[in-house]
Colleague: 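Encoded as C-alpha cells, here's the structure I'll be asking about.
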Amino acid sequence: MPHRPVDPRASFPALEEGVLERWRERDVFRESIERRRGGPRWGFFEGPPTANGAPGSHHVLARVFKDIFPRYRAMCGYHVDRKGGWDCHGLPVELAVEKELGMQQKADIERYGIAEFNARCREVVLSHIDDWTRLTERIGFWVDTDDAYRTLDTTYVESVWWALKTIHERGLLFERLKVVPYCPRCGTALSSHELGQPGVYQDVVDPSAYVILPSARGKLVVWTTTPWTLVSNAAVAVDPELVYVRTSEEYIVAETLAQRLFGEQVEILERFPGAELVGLAYEPPFDFIAGSEYGERGHTVLAADFVTAQDGTGLVHTAIAFGEDDFRLGEANGLRPINPVLPDGTYDARIGPWAGVHVKAADELIIEDLRRRGRLLRAEPYEHSYPHCWRCNTALLYYAKPSWYIATSQIKDRLLAANEGISWQPPHVKHGRFGHWLEGNVDWALSRERYWGTPLPVWRCHAGHLHVVGSLAELEAVSGVALDDPHRPFVDDVTFACREPGCDGLMTRVPDVIDVWFDSGSMPFASYGARPGVTDGSADDANAEFAAHFPADYICEALDQTRGWFYSMLAVSTLLFDQSSYRNVVCLGLILDETGQKMSKSKGNIVEPWDVLNTYGADAFRWYFFTSKYPWDGYRFSLDSLGEAVRQFMLQLWNTYGFYVLYANAGDVSPGSLSLDRAQLTELDRWTLSRLNATVQTVRAGLDGFDATGAGRAIAEFVDELSNWYVRRSRRRFWDGEPAAMATLHHTLVTLAKLLAPFTPFIADEIYENLDGGEPSVHLCDFPVAGERDSDLERAMAVARETVRLGLAARSQAKIKLRQPLHAAVVVAAGAEREAIERLAETVREELNVRVLRFVSEADELGEVEVKPNYRALGPRFGKDMPIVAAAVAGLDAARTAATLRDGGTVAIGVGGTEHALSGEDLLVSMKPLEGYQVEREGSHAVALELEIDDSLRVEGWAREIVHAVQAARRAAGLEIADRIILTLDGDPPLLAAAREHEAYIAGEVLAVEVRRELAGAAQLEPVRIDELELRIDVARAQPAA
RNA sequence: GGGCGAUUAGCUCAGUCGGUUAGAGCGCUUCUCUGAUAAGGAAGAGGUCCCAGGUUCGAAUCCUGGAUCGCCCA
C-alpha cells in the first residue's frame, strides 16, 4: 500500500501526540533552523512570560501567534532563531512567596532573611517553567526553551547593569523626590507601567469632606476626597482668573459652584477674581505641623493652573507630599514637602492622637474631629475610580519619596521618531494608543524598595558621589570582592572607597532593586549577555550574537503591553541605541467567555488550555485563534465555538485527504508514478490547480503582512471548494484511479499541507508525511510559490457553478428528485457567460442530471428582460442627474435594448437635452420569469427545466433508484468499497424490467460481477419501495478473482 | 473626565473605492444527496446595519452629536 490508511474517525489529540514524537525523534525544530543557516536573518523576540503560575488560554493565543510568522518565514528560507525567555524577578514572585510564608508586611521579609527569601523566590519562579515548557511544546510553539534566557541569570543582570551604567554616563539616571503611587503594604512605589495593569483602577466610595478654613477675608471652603491628607495641609490653591464669591455666611467659593453648594437662594455679598485671594493667610484644619515648617508661604492661598470649577469648591486643599499637582505647586512656591506618613501607611509621631493609625482608617476620625470643632461644612460619600496595587489590591497612596529615574522625557522625540519606523497591527495603535502614550511621556520611575530583582547598580558615598557599576568584574576591580550571584543580599555587603579626589567616603550600594519592565525591556542584548561597546574581550561573543539579532522583525503580545513591554522595549533600545528593537508588532486582544465576560479565576469562567488540547487538539486551538476573528478584537471563546472550527475545517480537510488515500491505496497508485501532465488534465483539474495558485498568492500576501486571519480564511475557502466541488465532481475518476485526477489531488493536498504548516503544524505534517514524505517533515519544505493562474477558467467555473445552483433550485421548486433524470435544462446566457457554460457543459449537465443542455440567447422564451441602470458605472458620470438617467433607462424598450447590447452596440438616452450613449457596461440586463415555467434566474442568466418525464426518463430514474438502494444494502452488509458483489433482485416487474434495461449501468455502479433475478426466500426480505413499487435486494461478496 | 476601538440575522462573524436586492457559517423547519465526510445540495423563517442629524443623485460605509460595551489612561 502506498500510504498509511486514514481513519475517518481519527482523534486529533492522539494524532498530534504522534507527530510530536516524530518531531522529537527527527529533531525537526533544530533542523528547520539549521537548514536555513546562511539565509537572510528574520528575527523574533520572545517577550518573557513570568512563569510563576500555570499558563492559561490567553497565553496560548499569544504563543501561537508568536509561532506562525516565524514558521512561515523559516519555510520561505529565512534563518529564524527563536530564543525562549523567562521573566523571573519582581513583585508577583515576591507576593507568591510572601503568601506562602504567611507574611503580612515588608518587615517580615527582613526578619526571615533576604537570602532565604530570595532563594525561595528563585525556586518558585522556576517551578512552573516545566508546565510552561510542556504546554509550549504541545501547542506546537517552536521556541528554543533549552537555551532560554532568564532575567535572573548573572550574565543577564550584568547586561542590565551595563545598560544602566551607559544611561548614567549619558546623564539620564538620577534620583529625585517625587510624588509616586505608593503601596504601603508592599512598601514600594509603583511605576506608571504598573498602574497600567488590569484591575488597578477600581470604582470605590471614599468619604469626601468640605472643610472650612477661616481667614481675614472670610471662610475658605476646600473639598477633598482624601481627608487623611488634611493633617499636612500646606496651602490652598485658587485659579487667579476664576471668579469667587463671598456669601452672606462668609463662605468663599467659586461663583459657579455657589448654588450647588448652598442652594439657589444663596446670597452673594461680594464677587472678586481669585487673584485677590492669593497671599491670604488662613487657619489650617489641624495644627500638627506649623505653616512655617513648610516655608514662608505655608498656610496661605497660592495661584495655580490646575484648579477647575468642575467639582469641589474652586479652592483646592494642597498637601505638598501627597499629590503631583501639589508637589509642583510647592516647588514653585518654595514649600517643603513634609510627609508625616510612615512607609507602612501609618502616621508618625507628629500627628499626636493618630500616630500609628493607618491613613485610610483615619479618614472618618478626621472628619469627626472637624465636625466637632465646627470646621466641617459637609461630608458625603464620593464614588470615584481610584488606583490599587496591581498584585495585593491595597489602595495606593500618592506620596513623595526619593526615587531613581531615567529621564525618558528627554528622549521623547527620539521615542516618537523610533515609533515611526514600527509597523503596527492593528495600525491604529501606532498613532493612537501607543503614540499618545509616548507623547505624554514622563520619566521612568526605575527603583523599587524591594528584594527579588535586579539590584540597582548604584553605589554612593556620604558626600553623594556616585559610582554606577557595569559588571561583576568592574565591581571586583573597585572593591576586591568577587561575587557569583549579583542579587541581594550579597551585593548589599560590597563596599569600597570613594574614588573622588579628596573624598574619603565609603561607597555603599543604594539598596533598591529595579523595575522588572527594565529587565524585560533589556532582553534584546541581555538575553545574550551582551554589553555592546564593551571591547575588553569579555563580551565579544555575546555582542556578536546581539548584533546578529538586533532589531527583531517581529514581536507579538497582548494589547495591554502598550504600556508594558512594547514601551520598555522601545524605551531601553532608544536610550541605548537610538532605535526601536522591533520592526513589526502584532497586538492581541482579550479572551472573553461565550457571554462576553472577561475570563477570570474569580468568575470561574476560565477555559483551561489542557481541556481544549485534550478535546480538540492544538491545531483546532490554533486554527480557531487564527481564523475566527482578527486577534486584536478579542475572542468570545468557548469549547463549543472551537468544535465548530474543527467540523468546518479540519474534518473537511481530513476527509478529503482520507478520500485520496483510500483510492490511491485501492488503485495502488504511488506518488512517484504521478505527474501533472498538462495534456491529461481536465478543465476541472486545471481549475483546481488555478484556484490553488490563487490561494498560495493570497496566503503569502497575508502572512507577509502579518494577517493570519485573511490568509487562513482563504485556505478554508479553498479546502471547501476542493472538497465540495472538485472531489465531488471527480469521484468517478478516482474510482478508476485516473492518473490526472490522482496527480491533481495529490499535488493539491501536498501543497495545502505546506500552506497549512505554519497554521496547523500537526495535521499538515501528518498529511505531508503520508502523501509525500520527501523530507523528514513538512516544516523543512519550502513554502509554496504560486504557479500560473487561468483567470478565464476560474471565471467560467464560477458561472457554471452559478448555473448549477440555479438549476438545482429549479428542481427543488418543482419537487423533482435529483435522481430522476430530466430531458433538458434550458440555459439563458449570452456572450462570455454562454461560452463559459458551454465550456463546462458536461459538468453542468451531470450536476443537474439532464440529458441535454440547451442554450437560448433570447430570453423571450423564458421570461421578459428588464434593463436597469448600473449605478456604479453611471453614478460618477452623471452625478446628480442620476434620477433623470434612471427615468430615461426605464423608458427604453427592454427587449430591443438587451438585443442591441448583446451585439456590442450602444443605446442613446437624452439627459438635459444632450444625447448620451450607453454601452453594455452601463446597463444591467436581468429577466423577469414568465408564468408556467420552472425558471430560476439571477442577473443576466437563467435556467429552466423541462419537467416532462417520459417512459425512458422514468425507467432511467428507476435504475438510479435501484443503484441507490443497492448501495444502501452494500453498506448495511458491511462491505468494503472495492468489494465485488453478486447481486440478486426480485420484486415488481416494472422495476425488474428497468434493471434489465440498465443492467450494465447498475452493475458498473455497484460493482456487481453478476446480476441474478428471482431470489430464493425473497419474501423474508424487507422490500425497498420505489414509486409505489417493491424491490427486494440481496448482495453477496463475490470471490476475488484468482 | 480624556484617548483608542467596537456595535450588522437567535449565535459567531464578513461586508473592498459610497452604487440602489446587506452576505456567510452555526442553529431552527422542510426536502434532498451520498462509492470520503461528523459532510454536501435546495428551500424557508430570521435584519430599525445602535440612535439622531448632516454631506451626497445615492450611506451599513463619509462627517457631527449621542447611546451602549470593551480596553487604556486620569
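In what follows, every chain begins at residue 1, and chains take the letters A, B, ... in the order their sequences are listed.
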Colleague: Going by a 90° cut-off around 0, is B:C11 syn or anti?
Modeller: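 For B:C11, whose glycosidic angle is more than 90° from 0, the conformation is anti.
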Colleague: Which of these nucleotides, B:C72, B:A36, B:C4, is closest to any side-chain atom of A:Asp560?
Modeller: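 When the side chain of A:Asp560 is considered, B:C72 is the closest of B:C72, B:A36, B:C4.
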Colleague: Indicate yes or no: at least one non-hydrogen side-chain atom of A:Leu257 is less than 4.5 angstrom from one of A:Trp223.
Modeller: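 They are not in side-chain contact.
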Colleague: Of the nucleotides B:G5, B:A14, B:C73, which one has an atom closest to the side chain of A:Arg713?
Modeller: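 The answer is B:A14, which lies nearest to the side chain.
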Colleague: Give the nucleotide from the list B:A36, B:C4, B:C57 with an atom nearest to the side chain of A:Met882.
Modeller: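 Closest of the options to the side chain of A:Met882: B:C57.
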Colleague: Could you tell me which nucleotide pairs with B:G1 by Watson-Crick or G-U wobble geometry, both distances under 3.5 Å, or answer none if nothing does?
Modeller: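 Pair assignment: B:G1 / B:C73.
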Colleague: Once you round it to whole Å, what is the distance between P of B:A39 and CG of A:Asp720?
Modeller: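 Those two atoms, CG and P, are 13 Å apart.
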Colleague: Assuming nearest nucleotide by heavy-atom distance, tell me which of A:Tyr624 and A:Trp735 is located more 5' along RNA chain B.
Modeller: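 With A:Tyr624 and A:Trp735 compared, the 5'-side residue is A:Tyr624.
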Colleague: When all nucleic acid strands are considered with a 4.0 Å heavy-atom cut-off, which category describes A:Gly658: base, sugar-phosphate, or nothing?
Modeller: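 Result for A:Gly658 = nothing.
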Colleague: Distance between the C1' atoms of B:G15 and B:A6, in whole angstroms?
Modeller: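 The answer is 16 Å between these two C1' atoms.
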Colleague: Write down the distance separating the P atoms in B:A22 and B:U16, rounded off to the nearest Å.
Modeller: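 Per the computed distance, 15 Å lies between those P atoms.
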Colleague: Is B:G23 paired to anything, Watson-Crick or G-U wobble with both distances less than 3.5 Å, and if yes, which nucleotide?
Modeller: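 Result: B:C13.
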Colleague: Tell me whether the side-chain N/O atoms of A:Arg728 come closer than 4.0 Å to OP1 or OP2 in B:A36.
Modeller: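 Indeed not, no polar side-chain atom of A:Arg728 lies that close.
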Colleague: What's the gap between B:U7 and B:G44 when it is taken at their P atoms, as a whole Å value?
Modeller: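 Comparing P positions in B:U7 and B:G44 gives a spacing of 29 Å.
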Colleague: Under 4.0 angstrom, heavy atoms only, what part of the nucleic acid is A:Asp881 near: base, sugar-phosphate, or nothing?
Modeller: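 A:Asp881: no heavy atom of the nucleic acid under 4.0 Å.
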Colleague: For B:G53, give the paired nucleotide (Watson-Crick: N1-N3 plus N6-O4 or O6-N4; G-U: N1-O2 and O6-N3; both under 3.5 Å), or none.
Modeller: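 Partner of B:G53: B:C63.
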Colleague: Let me know the distance between CG of A:Asn849 and C1' of B:U32, rounded to the nearest Å.
Modeller: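 Computing the A:Asn849:CG to B:U32:C1' distance gives 13 Å.
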Colleague: Rounded to whole angstrom, note down the P distance from B:U8 over to B:U48.
Modeller: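 So the two P atoms sit 11 Å from each other.
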Colleague: Would the base of B:C71 count as contacting A:Arg433 through its side chain, where contact means a donor and an acceptor less than 3.5 Å apart?
Modeller: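 Answer yes: a donor N or O sits under 3.5 Å from an acceptor.
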Colleague: Write down the distance between CG (A:Asp633) and P (B:G15), rounded to a whole number of angstrom.
Modeller: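 It is 10 Å, rounded to the nearest whole Å.
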Colleague: Determine the interatomic distance between C1' on B:U29 and the same-named atom on B:G46; round to the nearest Å.
Modeller: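 My reading of the C1' atoms in B:U29 and B:G46 gives 12 Å.
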Colleague: Tell me whether the rings of A:Trp444 and A:Tyr567 are parallel (<30°), tilted (30 to 60°) or perpendicular (>60°).
Modeller: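 The arrangement is tilted - the two ring planes meet at 30° to 60°.
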Colleague: Rounding to an integer number of Å, can you tell me how far A:Trp632 CH2 sits from B:C72 P?
Modeller: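 Atom-to-atom, A:Trp632 to B:C72, this comes out as 19 Å.
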Colleague: I need the CZ-P distance between A:Phe718 and B:A24, as an integer number of Å.
Modeller: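 A:Phe718 atom CZ is separated from B:A24 atom P by 22 Å.
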Colleague: With respect to A:Leu61, which candidate in A:Phe626, A:Tyr624, A:Tyr635 satisfies the side chain to side chain contact (heavy atoms under 4.5 Å, CB included) definition?
Modeller: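 Single side chain to side chain contact (heavy atoms under 4.5 Å, CB included) partner of A:Leu61 among A:Phe626, A:Tyr624, A:Tyr635: A:Tyr635.
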Colleague: Hunt down the Watson-Crick or G-U wobble partner of B:A42, both distances under 3.5 Å, from any strand shown, or write none.
Modeller: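 Matched B:A42 with B:U30 under the 3.5 Å cut-off.
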Colleague: To the nearest Å, how far apart are A:Glu717 CD and B:G15 P?
Modeller: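 About 13 Å, once rounded to whole Å.
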Colleague: Does A:Asp206 reach the main-chain N or O of A:Thr225 with its side chain, forming a donor-acceptor pair under 3.5 Å?
Modeller: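 Not at all, since once roles are kept as given, no pair shorter than 3.5 Å links the two residues.
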Colleague: Let's see if you can work this out: which of B:A36, B:A14, B:C13 has an atom nearest to the side-chain heavy atoms of A:Lys629?
Modeller: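 For A:Lys629, the side-chain atoms sit closest to B:C13.
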Colleague: If you measure from CG on A:Leu684 to CZ on A:Arg729, what distance do you get to the nearest 0.5 Å?
Modeller: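 Nearest 0.5 Å value for the CG-CZ distance: 7.5 Å.
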Colleague: Can you check whether any acceptor in the base of B:A39 is under 3.5 Å from a donor in the side chain of A:Ser723, or vice versa?
Modeller: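 Flag unset: no donor-acceptor pair detected.
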Colleague: Centres of the A:Tyr182 and A:Tyr399 rings: under 6.0 Å?
Modeller: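 They qualify: ring centres under 6.0 Å apart.
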Colleague: Write down the distance between CZ (A:Arg729) and C1' (B:A39), rounded to a whole number of angstrom.
Modeller: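 Those two atoms, CZ and C1', are 17 Å apart.
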Colleague: Could you check whether A:Val727 gets within reach of a base, just the sugar-phosphate, or nothing at all, counting any heavy atom under 4.0 Å?
Modeller: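 Since a base atom lies under 4.0 Å of A:Val727, the category is base.
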Colleague: Establish, with yes or no, whether the OP1 or OP2 oxygen of B:G35 is under 4.0 angstrom from a side-chain nitrogen or oxygen of A:Tyr663.
Modeller: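 So the side-chain polar atoms of A:Tyr663 never come under 4.0 Å of the phosphate oxygens OP1 or OP2 of B:G35.
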Colleague: When the nearest nucleotide of RNA chain B is assigned to A:Leu651 and to A:Ser628 on a heavy-atom basis, which residue is associated with the more 5' position?
Modeller: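 Of the two residues, A:Ser628 wins.
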Colleague: How are the rings of A:Trp424 and A:Phe434 set to each other: parallel, tilted or perpendicular (split at 30° and 60°)?
Modeller: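 Taking A:Phe434 first and then A:Trp424, their aromatic rings sit tilted (interplane angle of 30° to 60°).
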Colleague: Knowing that exactly one of A:Leu752, A:Leu653, A:Thr656, A:Val661 qualifies, which makes a side chain to side chain contact (heavy atoms under 4.5 Å, CB included) with A:Ile767?
Modeller: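 Testing each of A:Leu752, A:Leu653, A:Thr656, A:Val661 against A:Ile767, the sole residue satisfying side chain to side chain contact (heavy atoms under 4.5 Å, CB included) is A:Leu653.
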Colleague: Pick the C1' atom in B:A52 and in B:A9, then give their distance to the nearest Å.
Modeller: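 One C1' to the other, the span is 24 Å.
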Colleague: Atom CZ of A:Phe659 and atom C1' of B:A36: how far apart are they, to the nearest Å?
Modeller: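 Distance, rounded to whole Å: 6 Å.
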Colleague: Provide the distance between the two P atoms, one in B:G66 and one in B:G3, to the nearest whole Å.
Modeller: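 To the nearest whole Å, 11 Å.
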Colleague: What does A:Leu559 touch in the nucleic acid at a heavy-atom separation under 4.0 angstrom: a base, only the sugar-phosphate, or nothing?
Modeller: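 Result for A:Leu559 = nothing.
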Colleague: With sugar-phosphate meaning primed atoms plus P, OP1 and OP2, does A:Tyr630 contact a base, only sugar-phosphate, or nothing at under 4.0 Å between heavy atoms?
Modeller: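 Since only primed, P, OP1 and OP2 atoms lie under 4.0 Å of A:Tyr630, the category is sugar-phosphate.
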Colleague: Please state the C1' separation for the pair B:A24 and B:G47 - nearest whole angstrom.
Modeller: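 Straight-line distance between the two C1' atoms is 15 Å.
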Colleague: May I ask which nucleotide in the shown strands pairs with B:A6, Watson-Crick or G-U wobble, both distances under 3.5 Å?
Modeller: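 For B:A6, the partner nucleotide comes out as B:U68, under the 3.5 Å rule.
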